[in-house]
**Student:** 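To start, I am sharing the structure in question, which I have written as structure tokens.
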Amino acid sequence: LQAPWASLWGRLLCHLLLSPGLAGPLRWLQNCLQRVAGDREEDGVSHPVPLVPLTEENEDAMEDRRFRTLLRQLGLRPPASEQESFWRIPAALTPQQLRRSAASIAHHGPDPSGSPQDLLEPPRCPQDL
């Protein structure tokens, strides 16, 4: 990321983390990006992966304009037609790009040594169930 963009990116992430109800969905998104990156490295195959919000908190986040702006900035794409219901992680995003995006969320996230809530296992992606 270039310096001016990195500053804007950091402000957007910090703003989202301070927004009520979005810290959990950001952890879920970070976890999904990391898992898809790992799957792509392991399988050597890339295909679009839907982001399926399995909790009400994540579903609400997917309706939040600021959260959708973040998804677009990460290179994720909205549903393309009536046949698609979910945002997708495109096949074109490399494992390195996905890990960098996940790391940028983690970098601006809550301090893991903070509350016990942060020590819980991160929310799982639907493809892991």
**Student:** Could you give the distance from CE (Met62) to CZ (Phe67), rounded to the nearest 0.5 Å?
**Tutor:** 6.0 Å

**Student:** What's the separation between atom CG in Leu33 and atom CG in Leu76, rounded to the nearest 0.5 Å?
**Tutor:** 6.0 Å

**Student:** Under 4.0 Å between a side-chain nitrogen and a carboxylate oxygen: does that hold for Glu41 and Arg99?
**Tutor:** yes

**Student:** Please report the closest heavy-atom contact between Gln97 and Ala92, naming both atoms and the distance.
**Tutor:** OE1-O, 3.7 Å

**Student:** A side-chain contact here means heavy atoms from C-beta on lying under 4.5 Å apart; do Leu74 and Ile105 qualify?
**Tutor:** yes

**Student:** Mind listing the closest non-hydrogen atom pair of Gly75 and Pro90 along with its distance?
**Tutor:** O-CG, 3.2 Å

**Student:** Would you call Glu57 and Arg27 a salt bridge, taking side-chain N to carboxylate O under 4.0 Å as the test?
**Tutor:** no

**Student:** Quick one: pull up CG in Leu22 and CG in Asp60 and give me the separation to the nearest 0.5 Å.
**Tutor:** 9.0 Å

**Student:** How many angstroms lie between atom CG of Leu51 and atom CZ of Phe86, to the nearest 0.5 angstrom?
**Tutor:** 10.0 Å

**Student:** Kindly indicate whether the side chain of Arg40, heavy atoms from C-beta on, has any atom under 4.5 Å from the side chain of Ile89.
**Tutor:** yes

**Student:** Test Pro25 against every option in Leu70, Asn58, Thr55 by the side-chain contact (heavy atoms from CB on, under 4.5 Å) rule and name the one that passes.
**Tutor:** Asn58

**Student:** Could you measure the distance from the CD atom of Glu84 to the CD atom of Glu82? Nearest 0.5 Å is fine.
**Tutor:** 10.5 Å

**Student:** Output the distance between atom OG (Ser101) and atom CD (Gln96), rounded to the nearest 0.5 Å.
**Tutor:** 11.5 Å

**Student:** Taking the side chain as every heavy atom from C-beta outward, state whether Leu29 and Leu71 have any pair of such atoms under 4.5 Å apart.
**Tutor:** yes

**Student:** Check whether Asp64 reaches the backbone of Arg66 with its side chain - one donor and one acceptor, N or O, closer than 3.5 Å.
**Tutor:** yes

